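In what follows, a single structure is set out as structure tokens and then discussed.
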Amino acid sequence: MNEDQVRVRFAPSPTGLLHVGNARTALFNWLFARQRQGVLVLRVEDTDVERSAPEYAQKLIEDLRWLGLDWEEGPDVGGAFGPYQQSARLETYASHTQTLLEGGQAYHCFCTPEELDQERQRALAAGKTPVYSGRCRSLPRDAAQERIASGEAACVRLRTPGQGELGFNDLVRGAVTFDLAVVGDPVLVRSSGLPAYNYVVVIDDVLMRITHVIRGEDHLANTVRQILTYQALDYPVPQFAHLSMVMGEDNSRLSKRHGATAVHQFAQDGVLASALFNYLALLGWAPPDGNEVLEQSELVRLFDLKKVSRSAAIFDYGKLHWLNRQHIKRLSGRAQAEEALPHLQEAGYLPREMTDAHWSWLEGAVAALIERVDTFADLKDSFAQVFDFSLEELGEEERSDLRSECGGKVIRSFAGLLAGIEQLDYAAFAEMTKTIKEETGCKGRDLFHPLRVALTARGSGLDLDKFIPLVESGAGLDFPIPLKSCSERCEAVMAYLDK
RNA sequence: GCUCCUGUCGUCUAGCCUGGCCUAGGACACCGCCCUUUCAAGGCGGCGACACGGGUUCAAAUCCCGUCGGGAGCGCCA
């Protein structure tokens with residue numbers, strides 16, 4: 001292995017679905033690794049047995065892959081520095097703890113949670129930062145051993161300086177300095193014997209040879225404790241980069257009440273992975289030339305960790321949707337149809353078994369309807385105007401359009417012409433409208449609106465020149481919901497008018 | 001409460017390091033116009049910001065100090 005090789009990691013805890021905030025962290029790690037020809041490690045942080053669940057680890061992996069990320073090492077692909085889930089690394093942590101205990105950099109603490117809580121309350125009340133008092137710090141080692149032997153519960157704490165300053169250079173934030181007087185001795189190992197996050201993360205990052213730790217800003221303050229741990233272990237400290245948080249519109253942490261937050265949800269809503277990828281990269285970073293619609297490979301080329309914004313960003317669904325439209329447009333007709341198909345099948349418009357005829361009809365339909373939608377879920381809704389034809393649900397305005405003087409004349413004239421025609425395509429339709437205009441004297445809105453309502457049972461929608469060929473070519477195909485031809489629609493309207 | 005991070009159009013940001021090229025640029029959203037048999041889409045245009053107060057300087061969005069706002073951390077959660 002090359003000593004200079006960049007090695008980064010994404011280390012989610014499997015306590016829920018992949019959130020866009022975490023996805024952005026993963027993505028920035030990925031971009032950085034790819035552009036530096038480095039290695040991305042996926043590590044599952046499942047030391048919290050209460051909240052972790054293996055199903056979530058699997059879903060996390062699926063969602064990351066859907067987004068278009070890959071990694072060289074991880075629980076699913078293996079690697080030279082595994083295992084890659086912390087629950088399988090407990091022995092490693094234990095041996096490090098032994099070393100620290102023997103060297104005196106760590107010690108056993110017998111304080112009970114109740115005592116610590118009281119200490120904390122007192123500090124808060126006195127207007128000070130709650131810091132562990134260090135009561136068990138100077139307990140002689142053999143005395144501690146005896147208490148443990150007698151069955152007393154103890155956790156292991158790191159011995160920290162308690163005074164002075166500790167600074168580090170953050171790749172996105174620059175120089176950051178902390179007063180060590182406000183950092184107490186952190187718990188390394190809980191009295192249950194399970195190691196704590198801030199401890200294992202250090203050991204794992206060292207053992208997995210991580211060179212750059214790119215993570216959320218919520219870890220910024222913990223970095224001091226972690227650096228102290230690196231030092232106690234006599235390990236080299238990696239570079240840090242703390243990314244700002246992703247917020248909802250009201251500037252509070254993005255949560256479900258702001259809308260979709262899980263990557264999985266965006267996939268279901270018909271957002272393209274490439275669009276979400278693009279949007280996430282733009283959250284806190286801007287391309288140098290101002291062109292914001294970018295593919296993965298372009299992002300890899302242009303991305304610059306040093307240019308990442310230091311302030312929090314609000315997740316803008318509107319811009320994501322705009323980007324999604326841009327990415328949809330870049331897809332070939334066939335690819336658009338393929339993306340659309342699952343959503344349309346789920347809505348019951350298209351059969352599970354697609355014939356070639358279905359495919360070519362679908363491509364045409366998607367091409368006609370796609371420009372008007374933000375997502376494939378929206379596309380599903382706009383397919384309703386092709387398949388659903390219900391005169392019972394006409395609105396007031398549409399009803400009066402049909403029943404108006406021109407409406408009745410136009411439709412009767414249209415129905416008459418339709419009877420004598422083989423194949424209604426747009427050219428034929430254009431010819432017919434001319435004739436209708438002459439026969440009825442109706443024109444403009446008075447002419448076209450009744451026709452639109454008669455054919456679509458709606459007051460607005462797709463251009464008729466696109467709508468008619470779509471319906472006519474689809475009418476012969478076998479769909480779960482039969483697609484009515486123009487003449488069938490027209491007959492229904494005539495019957496409706498006669499009532 | 002304390003500590004740390006942060007503050008440019010409604011939103012994402014460029015510019016800040018290395019003061020003058022800033023009459024502060026772009027994108028989304030919004031508004032208007034054009035296109036049009038509808039609704040969109042699309043094209044064109046418009047509105048719109050340096051949080052505030054002091055300093056330093058011939059000159060400050062840019063450097064310094066303070067205030068205020070936002071976020072995070074202070075756990076035997078991760």
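Because the structure is a prediction, the values reported are computed rather than measured. Quick note on labels: first sequence line is chain A, next is B, and so on, each numbered from 1.
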Same-atom distance ([atom1]) from [N] to [M], integer angstrom:
N      : M      : atom1 : result
B:rC30 : B:rG10 : P     : 15 Å
B:rC31 : B:rU67 : C1'   : 37 Å
B:rG32 : B:rC50 : C1'   : 28 Å
B:rG15 : B:rC9  : P     : 16 Å
B:rU18 : B:rG54 : P     : 26 Å
B:rG26 : B:rA49 : C1'   : 14 Å
B:rC64 : B:rG45 : P     : 40 Å
B:rU8  : B:rG69 : C1'   : 15 Å

Do any N or O atoms of the protein come closer than 3.5 Å to N or O atoms of nucleotides 7-16 of chain B, and which pairs are they?
| from | atom 1 | to | atom 2 | distance (Å) |
| --- | --- | --- | --- | --- |
| B:rC12 | OP1 | A:Ile314 | N | 3.1 |
| B:rC12 | O2' | A:Leu282 | O | 2.9 |
| B:rU13 | OP1 | A:Gly284 | N | 2.8 |
| B:rG15 | OP1 | A:Lys307 | NZ | 3.0 |

Rounded to whole angstroms, how far apart are [atom1] on [X] and [atom2] on [N]?
X        : N      : atom1 : atom2 : result
A:Asn169 : B:rC17 : CG    : C1'   : 13 Å
A:Arg225 : B:rA78 : CZ    : P     : 14 Å
A:His242 : B:rG73 : NE2   : C1'   : 11 Å
A:Leu220 : B:rA78 : CG    : C1'   : 16 Å
A:Asp117 : B:rC74 : CG    : C1'   : 13 Å
A:Leu166 : B:rU3  : CG    : P     : 17 Å
A:Glu119 : B:rG75 : CD    : C1'   : 13 Å
A:Leu447 : B:rU38 : CG    : C1'   : 13 Å

[N] pairs with, by Watson-Crick or G-U criteria that keep both distances under 3.5 Å:
N      : answer
B:rC63 : B:rG55
B:rG69 : B:rU6
B:rG46 : B:rC30
B:rC77 : none
B:rA41 : none
B:rG19 : none

Identify whether any heavy atom of [X] sits under 4.0 Å from a base atom; if not, whether one sits that close to sugar-phosphate; answer base, sugar-phosphate or nothing.
X        : answer
A:Asn198 : base
A:Glu45  : sugar-phosphate
A:Leu462 : base
A:Ser191 : base
A:Asp218 : sugar-phosphate
A:Arg452 : base
A:Asn222 : base
A:His219 : base
A:Gly318 : sugar-phosphate

Do [Y] and [X] meet the salt-bridge criterion of a basic N to acidic O distance under 4.0 Å?
X        : Y        : answer
A:Glu45  : A:Arg43  : yes
A:Lys329 : A:Glu371 : no
A:Glu295 : A:Arg330 : yes

Heavy-atom donor-acceptor pair, [X] side chain to [Y] backbone, under 3.5 Å:
X        : Y        : value
A:Thr456 : A:Arg458 : yes
A:Arg173 : A:His242 : yes
A:Asp185 : A:Arg159 : no

Please determine if a side-chain N or O atom of [X] lies less than 4.0 Å away from the OP1 or OP2 oxygen of [N].
X        : N      : answer
A:Arg157 : B:rC76 : yes
A:Arg190 : B:rA78 : yes
A:Arg372 : B:rC39 : no

Aromatic [Y] / basic [X] pairing, under 6.0 angstrom, 45° off normal:
X        : Y        : value
A:Arg147 : A:Phe110 : yes
A:Arg24  : A:Phe28  : yes
A:Arg157 : A:Tyr132 : yes

Which residue, A:Pro130 or A:Met247, contacts RNA chain B at a nucleotide closer to its 5' end, judged by nearest heavy atom?
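That would be A:Met247.
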By nearest heavy atom, map A:Asp465 and A:Ala196 onto RNA chain B; which one lands nearer the 5' end?
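Looking at the nearest nucleotide for each, A:Asp465 comes out on the 5' side.
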Under 4.0 Å protein heavy-atom contact, by nucleotide of nucleotides 42-47 of chain B - B base, S sugar-phosphate only:
S-----
Nearest heavy atoms of A:Pro238 and A:Val213, plus distance in Å
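Minimum heavy-atom separation between A:Pro238 and A:Val213: CG-CG2, 3.8 Å.
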Confirm from the modelled atom types if A:Ser192 and B:rC76 form a donor-acceptor pair under 3.5 Å, side chain to base only.
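Per atom types, no contact qualifies.
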What nucleotide among B:rU37, B:rG73, B:rC39 has an atom nearest to a side-chain atom of A:Ala221?
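My answer, after comparing the listed nucleotides, is B:rG73.
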Quick one: which of B:rA72, B:rU6, B:rC76 gets closest to the side chain of A:Met245?
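So the nucleotide nearest the side chain must be B:rA72.
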Distance-only side-chain donor-acceptor flag, A:Asp204 / A:Tyr84, under 3.5 Å
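Side chains of A:Asp204 and A:Tyr84: no pair found under 3.5 Å.
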A:His321 and A:Tyr279 side chains, donor-acceptor separation under 3.5 Å:
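Result is no, nothing qualifies.
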Let's go through A:Trp71 and A:Phe10 carefully: what are the C-alpha distance in whole Å and the side-chain angles of both, what is the deciding distance for ring pair (Phe, Tyr, Trp, His ring centres under 6.0 Å) to 0.1 Å, and is it a yes or a no?
CA-CA 9 Å; A:Trp71 43 93; A:Phe10 176 60; 8.7 Å; no
